[in-house]
2 protein chains.
Amino acid sequence: MSYTITSVDRAIDLLEALAEHPDIGVTRLAELIGSTKSHAFRLLHTLEQRGYVLKDPATRNYRLGYRSLYVGERARDQASLIKTAQPIMDGLAQATGENVHLVVREQARSICIALKQSQAHLRLYAEVGRHGPLHAGGGSTLLLAHAPKEIQAAVLDGPLPSFTPATVTEAGVLREQLTRIRQQGYHVALEDLDDGAFSIAAPVRNHRGEVIASISVAGPITRLDAVTTDRHRHLAIEAANDISRRLGFVDQVPT
Amino acid sequence: MSYTITSVDRAIDLLEALAEHPDIGVTRLAELIGSTKSHAFRLLHTLEQRGYVLKDPATRNYRLGYRSLYVGERARDQASLIKTAQPIMDGLAQATGENVHLVVREQARSICIALKQSQAHLRLYAEVGRHGPLHAGGGSTLLLAHAPKEIQAAVLDGPLPSFTPATVTEAGVLREQLTRIRQQGYHVALEDLDDGAFSIAAPVRNHRGEVIASISVAGPITRLDAVTTDRHRHLAIEAANDISRRLGFVDQVPT
DNA sequence: AAACAGTGTTTTGCTAAGTGAAACATTGCG
DNA sequence: CGCAATGTTTCACTTAGCAAAACACTGTTT
């Protein structure tokens, strides 16, 4: 038995298609969501009425409406994790000069929920709200390492797509990697999700000690050597621990 | 013939109910949206699957999910008006020490799409994404003044709710006010929407000279006198003109 | 200016998705 | 332990939602 309401699912398909492809028309949208023009038209009309979609009357193209900002702002306001983390992420970005990401796990995928972008001209492109895999990327793989066994099983038994030549696609190898991550308490990922990029991640824990998010420092590997690796690792762990403490975590064995 | 898809409308009802009331359960949500528990349950399940709603497994309460951030961010990215206005709004907030709002009109209502909050401890509460009336509030009434005749007719013929004793609720008086706003090119609203608050608004024009938004400076009337009124008015008009120029507007008669 | 192609909008009839009611399961409190 | 309230699941019914098709509009080509 499925509780999914198909019409709502399709409306979300359309919103997300518009998020990726702004300023397009009814026909193009229908194609993108695999539907008919009349269906796309009705979805657009419904979302436009509520302010989530805007229609340019001159071109008859659609893009996301301003009401989307409202829900986004409220989501951010409600997320105490983001509020707690943001000032610490600011400091970490300042100290490292690289991107800082706050990533959480949703079921069997990851999502970046806050981001501090590096000021450097060469920087890793990243987006808040973007869903990603769990078996690649510093913060994501660390979250997989600390996920419940059934989530790990679901990921390990499922397809492990390759993003770069460095992506781990062998379940056995990934299992060992996850064990190692749990033991050492951080993860250094090199070019496993994006070519030429590194990501050094540490776990954020809640008051019960459960890993609920990861903090990661990410950038181009050309700016990474043994010294900066160690420094970023240290700063990331420190920042993650700081956030964890503010969330009520009491670390019994100081590091 | 209505093109509204009721199921999608209801899903939005639920999302917006969660935006206003985080961390509540199925029964409460069903009450808030005027529905049944089974319906609310299915809506929540659908939205949770897509990441727009998060369920706390311990308390079985729901709140907005992180995927909402994605759509909000993309809406902001796509809105060139917001991108153009934001640095100018920053400067205006710095110069005035008060809130600065960017407001647009959607059909017969207003919506604040960008906000620079005053650093003062006493400040006007405001929210991005919040819908409001067109006949009250500095920026909103200015937008009504420049709206198409049919929009004006719709507002003037409809109910004009009173928010404070200073709210204009008489259609004839409002009509005169709108004429005056168009003539003088700005609007000073005193306590017409919020008790104890002022709002000084100026029009933002696009490359065709059409008024597409308003910039307003807002705060408590205790910080307003003849000198500050004149100063804020000047700075708001200047900022609005600056944004308009960046949007391609060429002002033939310099002010 | 006329014809054509493509897009957007509207209508219609059919069916299965969506709904509420009711039952069942779970949880927390007295 | 019993009860009340909440959350979850099931079932049967109805109409909402859908695709197909037709129509209207717009921009381009001849």
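Protein chains get the first letters and strands the later ones, always in sequence-line order, with residue 1 at the start of each. Excluded from the calculations below are hydrogen atoms, water molecules and symmetry mates; all remaining heavy atoms, backbone and side chain alike, are included. Every value quoted in this text rests on a predicted model; they were computed, and no experiment measured them.
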- Query: Hey, does B/Leu54 have a side-chain heavy atom less than 4.5 Å from the side chain of A/Glu106?
  - Reply: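 Yes, side chains in contact.
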
Tell me the interatomic distance from [X], atom [atom1], to [N], atom [atom2], rounded to whole angstroms.
{"X": "A/Leu43", "N": "D/dA19", "atom1": "CG", "atom2": "C1'", "value": "13 Å"}
{"X": "A/Leu44", "N": "C/dT10", "atom1": "CG", "atom2": "C1'", "value": "15 Å"}
{"X": "B/Phe41", "N": "D/dC11", "atom1": "CZ", "atom2": "P", "value": "16 Å"}
{"X": "B/Asn61", "N": "C/dT26", "atom1": "CG", "atom2": "P", "value": "19 Å"}
{"X": "B/His39", "N": "D/dA16", "atom1": "NE2", "atom2": "C1'", "value": "12 Å"}
{"X": "B/Lys37", "N": "D/dT6", "atom1": "NZ", "atom2": "P", "value": "8 Å"}
{"X": "A/His45", "N": "D/dG17", "atom1": "NE2", "atom2": "C1'", "value": "14 Å"}
{"X": "B/Leu14", "N": "C/dT19", "atom1": "CG", "atom2": "C1'", "value": "15 Å"}

- Task: Considering just the side-chain nitrogens and oxygens of A/Ser35, establish if one lies under 4.0 Å of OP1 or OP2 belonging to D/dC18.
- Result: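 Indeed not, no polar side-chain atom of A/Ser35 lies that close.
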
- Item | Phosphate-side-chain proximity, A/Tyr3 and D/dT8, N/O vs OP1/OP2 below 4.0 Å |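 False: A/Tyr3 side-chain N/O out of range (4.0 Å or more) of D/dT8 OP1/OP2.
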
- Hey, which sits more toward the 5' end of DNA chain D by its nearest nucleotide, A/Thr6 or A/Ala58?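 Between the two, 5'-proximity favours A/Thr6.
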
- Task: Can you figure out which of C/dT9, D/dA16, D/dC18 approaches the side chain of A/Ser7 most closely?
- Result: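 Output: D/dC18.
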
- Item | Residue mapping more 5' on DNA chain C - nearest nucleotide basis, A/Arg28 or A/Arg42 |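 Result: A/Arg28.
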
- With nearest nucleotides of DNA chain C determined for B/Ser38 and A/Arg60 from heavy-atom distances, which residue corresponds to the more 5′ nucleotide?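 Result of the comparison: A/Arg60.
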
- Task: Would you sort out whether B/Ser140 and B/Ser110 count as a side-chain hydrogen bond (donor to acceptor under 3.5 Å, both in side chains), showing the intermediate values?
- Result: CA-CA 6 Å; B/Ser140 305; B/Ser110 64; 3.0 Å; yes

- Message: Is it the case that the ring center of A/Phe163 lies less than 6.0 angstrom away from the ring center of A/His135?
- Response: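 Judged by ring-centre distance (under 6.0 Å), A/His135 and A/Phe163 do meet the cut-off.
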
